[in-house]
Structures are given as structure tokens and as C-alpha cells.
Amino acid sequence: MRQPLSPYPVPETQYFERVLRHDPNSLVQLIAATSASLPPVRDLASQGLSLYAPWALLDATWVSLARGREGRPAATSRDLRQILDLFLALDDPVSRQPEGMERWEGYLQRTIHHQGPWQEDAYSQLSRSIALLAQTPYPDDSKDPLEVILPGWDHTRLGCSLADYLGIAHLVWGCATAHPDRRRRGRFAVDWYPAEDYDQFDGLRSPAQIKTVLKRHFVTTKKKLRSAFPANHDPLLRRYGHNPLRSAPLVGGVPGGYLVPVPAAVLGKATPLGLYYTGGDNMSEWGKSFTTDVGRLFERYVGRQLDLLPDAEVQPETVVKFSKGVSKKTVDFFVVFPDVVLLIEVKSTRPGEQLRFGGPDFTTLLPRTPIGKGFDQINRSVEFLRAGTHPELARIPSGRRMIGMVVTAEPFHQINTPAHRVDLPKTEIPVMVTSVAELEQAVTITGSSLADLLCAAVDSGAVDLRQEFPRYEFLEHNAVLEQGWSAIPFARRRRPRGQDAAAAVSRSGRGDGPVPATER
């Protein structure tokens, strides 16, 4: 990481003063224009642009719009660079803690969970959204039926089909980053999209319909941003918390169409995590039912990924019966390879705020999380198998090498390191925690078996799947993700139109966004 020019640590008050020195309209328009021209996050450092990280740009936008005053001097590129330099040098709780490993573990936890979501592959994320929520079958006769993710749920909750919702996000991102008229980059206006190209969408047929969805889910205002700004916040942790521009990445009430300060945040609305919070955005019964349904679908989605393995037999969860009518469930999946049995427990959990902030003794939270419970479930299933007395498990070999895996919906960064593992339940077999993104790549292994990769990860002592990826080859595409991608407007193959905004989207493939199937 580039060393800041400003001496560390910088107090938040100094950073605020530097941001608020400028007219917010001027500064945020400069941020939007700058963001639209940046390379992907993964390439910022190699191009000497580490300062211009999306999380820094978005924070400066929020501070300026929430607390700035109009009529102050306009901002220049030099001013923006100085602001971002101060952000990089902002004080952190690490400066208050004594030297030692725990001090830096908490800092890394905050930093990685803050920056990690911006560096996830957008193609996989958008593809997964529709593959999970629209293309994963769920039996009508299930003992745990879906409650709200039923036919038409997307029109009820999103105001349009899920595919069109993702198409809107893709369209806005494409216009903001690759509009043929460079003066329009960093902005979006529905009027820029010609009516004759509405056949790209499945159901949206007018600018008014798109505006309705945008205002409902994507657009915020200065007034809303001011009200969301915490009055009594911890100046050492505020920037690590939720930025409302992640939930509503377009700014309305400005001339020339919606302002798009950080286009990558628009795609974030269409990821599984963005949809998770959009669908369950409050504690109403609908919201709680939505998140529960997502968990049920996620388990079956993992099963779809496992079905891509050519050399394994996948056995689903089994109920083991005991005397006196007692019964217990096994892990969600047994993946039987010729020499290895993989026991998988699926958890649609996401890191909570306390864990993301890396506070004192943050790892002690892990045993009470679904991950800790997943470890316990793997232990029980190993016990059932080794007992050899349960006919329900007769098809699962008990004499082969066994490895456990807890699959999570979002990454738990550093979860497989010794600092985290020490507080997780002890297990009878090696167990790794794997995000679904890692699993989606792992199941496409070619020229070898996933069993070999699993054993190598365990034998290395790291029990970390991704660490072994550089040693193996993988297919170019995951078939489940490809199916999801092909259902998204502006991603699916369509007859090309003119030199308009939609064409700019389908041609772009730049920035932090997805690359169309025709160009991948």
C-alpha cells in the first residue's frame, strides 16, 4: 500500500475540515468524474492510484454531501488527492493498543472486511444473484417451504423482475463508466437511453418504470445523507461502518441527471449481499422471512455447484434415527470421492459488525456464530459415520479419509488462520471455512480432482482452499454462473443497436464491472 504523505495518525476532525473546505456539488462531481475513469480496484496499486480506492471516494462523498455547505471554493484534482491522502492516514484503534499480535489482528480484520467487498468479481456476483434467487429449484412439497420468495416476489419487493433489476444496475454502471460522451460519465439519466432499446429488458417498457425502480432502491438525496450521518460516532471506527451510499449509490436533486459518485457501488446493489439487505431491509415479518428463504435457497444452490463435480457422488442431508423416537440431522452434503469423503455444512451467514470491526477478543464471538455451529454439526456427522450402526448412512464410506467444510455466503476473511481457529470448536477431522465464491471456482477444477486440492490444503496445515488455487488449473467458466449471466439484460446475447448508452454497456467490459459473455 502507498505510504500517505500526511503523517499518521490524522484525526478525523482534520479530515473533515479538509473535505468541508469545498462546495459539495463541486467536490462530488469531481469524485464522480474521477471514479468513472479509474481502473479496477485490483489494478489501482500497479498504476500508482492506490489513493483513489472506491471506499475512500465514497466516504469523502458522504461527508461532503452530509455536512458540506454550498458557495465554498470549488475543488480541484489536487484538492481531491489531498483529501484522499488524509483518509488513508486516518487514526485507527490500533494506535491506542499495546504492541503485540492481537493489535494487528484486529486492524487487519477491520481493513480486510472494509475493503474486501469492493474487490469481489462482479461477473460472479451478478451471475450468482440470479442463479441463486431465480434459477435454483425448490420443491413445492418441502418440509421447510419458502415463505416469501415465491413467484412474483421480485415484482412485489423490487418493483420489477429480478433480471430487470440487475439489468438496471448494469445499465447505470455502463453509462456512468463508458458513455460515448465523456462529459456524461459519472452520471446517469433515463432520457439517455432510447425507447426503442427497451426490448433489452424483460418487462420494463418506459422511462417512468425505470425511474420508479431507481427512486425506490438506488437514489438518495443530500437531506437523507445528512439525517443518516451519525451525531455521536466513534471517530476511530466511523469509516468502517455502513455508508448509506452503498444502499443508495445514486444522488438525486442535482442538475444533469443522477450523480453516480462511485459506479462500482451501483453493481453492489445487484449482488447477493445487496439483494439480501434490500429484501430483508427491516425486521418486519416479510424481511425476516426473506432472509430465511435466502438461507434455504443457498443450501440448494451449493448443491447445484457440487453437482458440477464429475468424479464425485453427492449425497444430501440425512436424518439419523435413534431409540425412543429421537432423530438428528447430518451435515447438508456428503461428497464421496474415490479416496476422500467431504462433509459440507452450508451456512448463509455473513460477518457481523463486531467481527468486522475487529474489537478486543473478537475471535471469541466465533463459537456462537453459525460457523461454530457448523463445526459442531460436522463433528456429530463424523461420529455417526464412525459408529457404523446407522443404516441411513450405509451409502457413505466410513473408512476413507474425511475432510470437513463450512460453506458461507460471504467471505470470513482470515477465518482459517490460527488466530481465528483457536476459539472455534475442536474437530475430529480437518475442517476449512470456504466462501461460496471459492467453491464456485473449486468445482471447475480440471486435470485433477477436487479431492487432490482438498488434501493438499489440509496437508499444508493451512486448511485454506484458495491458497492452493495457483497450483491447479480450472475451467474458464462455471456452468451455473454462466446460466445466471445469460439471463441478465445487457449481458445476454442480443441484436446490437446503435451507438447509444446500451451499446456502451455491452461494449465496455471495463472498470470493476462485469464483462459481457460475448467478450469473455
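Along the sequence shown, residues are numbered consecutively beginning with 1.
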So, do [X] and [Y] sit near enough that their side-chain heavy atoms are less than 4.5 Å apart?
X	Y	value
V406	F412	no
W153	V148	no
L126	I130	no

Under the side chain to side chain donor-acceptor pair (under 3.5 Å) test, which residues partner [X], sequence neighbours left out?
X	value
D144	none
Q305	Y301, N478
R395	E313
R216	none

Report the distance from atom [atom1] of [X] to atom [atom2] of [Y], rounding to the nearest 0.5 Å.
X	Y	atom1	atom2	value
T271	Y277	OG1	OH	10.5 Å
K215	T212	NZ	OG1	7.0 Å
R386	M402	CZ	CE	4.5 Å
T156	I149	OG1	CD1	12.0 Å
Y276	S129	OH	OG	14.0 Å
L355	Q109	CG	CD	5.0 Å

(Q) Out of the candidates E440, E482, E410, only one should pair with R128 under the salt bridge (Lys or Arg N to Asp or Glu O under 4.0 Å) rule; please name it. (A)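 When salt bridge (Lys or Arg N to Asp or Glu O under 4.0 Å) is applied between R128 and each of E440, E482, E410, only E440 qualifies.
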Please output the side-chain donor-acceptor pairs of residues 346-353 that fall under 3.5 Å, not counting sequence neighbours, one pair per line with the distance.
{"unit_1": "K347", "atom_1": "NZ", "unit_2": "E345", "atom_2": "OE2", "d": "3.4"}
{"unit_1": "R350", "atom_1": "NH1", "unit_2": "S348", "atom_2": "O", "d": "2.7"}

If every non-hydrogen atom of [X] is compared with every non-hydrogen atom of [Y], which pair is closest and at what distance?
X	Y	value
P54	V262	CB-CG1, 3.7 Å
F229	A66	CD1-CB, 3.8 Å
L162	A134	CD2-CB, 4.0 Å
L481	S127	O-CB, 3.3 Å
R304	A131	NH1-O, 3.0 Å
F298	V407	CE2-O, 4.0 Å

Using modelled atom types only, decide if a donor and an acceptor are shared between the side chain of [X] and the backbone of [Y] within a distance under 3.5 Å.
X	Y	value
T417	Q414	yes
S398	G388	no
D339	R401	no
D202	D164	no
E392	K321	yes
S460	A457	yes

Non-neighbouring partners of [X] that pass ring-ring contact (aromatic ring centres under 6.0 Å, His included), sequence neighbours left out:
X	answer
Y165	H217, F218
H113	H413
F357	none
F87	Y15

Q) Is there any ring pair (Phe, Tyr, Trp, His ring centres under 6.0 Å) pair reaching into residues 426-467, and which pairs are they, with sequence neighbours excluded? A)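 Pairs touching residues 426-467 that pass the test: none.
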Q | Any residue meeting salt bridge (charged side-chain N to carboxylate O under 4.0 Å, His left out) with R110, in chain and number order, not counting sequence neighbours | A | D92
Q: Could you check whether the rings of F490 and F201 sit parallel, tilted or perpendicular, using 30° and 60° as the cut-offs?
A: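 Answer is perpendicular, since the angle exceeds 60°.
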**Q.** Aromatic plane relationship, H390 with F322 - under 30° parallel, 30 to 60° tilted, over 60° perpendicular
**A.**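 Plane angle over 60°, so perpendicular.
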Q: May I ask you to check if R300 and Y138 form a cation-pi contact, with NZ or CZ under 6.0 angstrom from the six-membered ring centre and within 45° of the axis?
A: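 Flagged: R300 positioned over aromatic ring of Y138.
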Q) Under the 6.0 Å and 45° cation-pi test, does R239 pair with W62? A) no
Side-chain donor-acceptor distances from residues 464-473 under 3.5 Å, at least two apart:
{"unit_1": "D464", "atom_1": "OD1", "unit_2": "R466", "atom_2": "N", "d": "3.1"}
{"unit_1": "E468", "atom_1": "OE1", "unit_2": "R471", "atom_2": "NH1", "d": "2.8"}

Q. Is R296 salt-bridged to E147, going by a charged N under 4.0 Å from an acidic O?
A.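 A salt bridge links R296 with E147.
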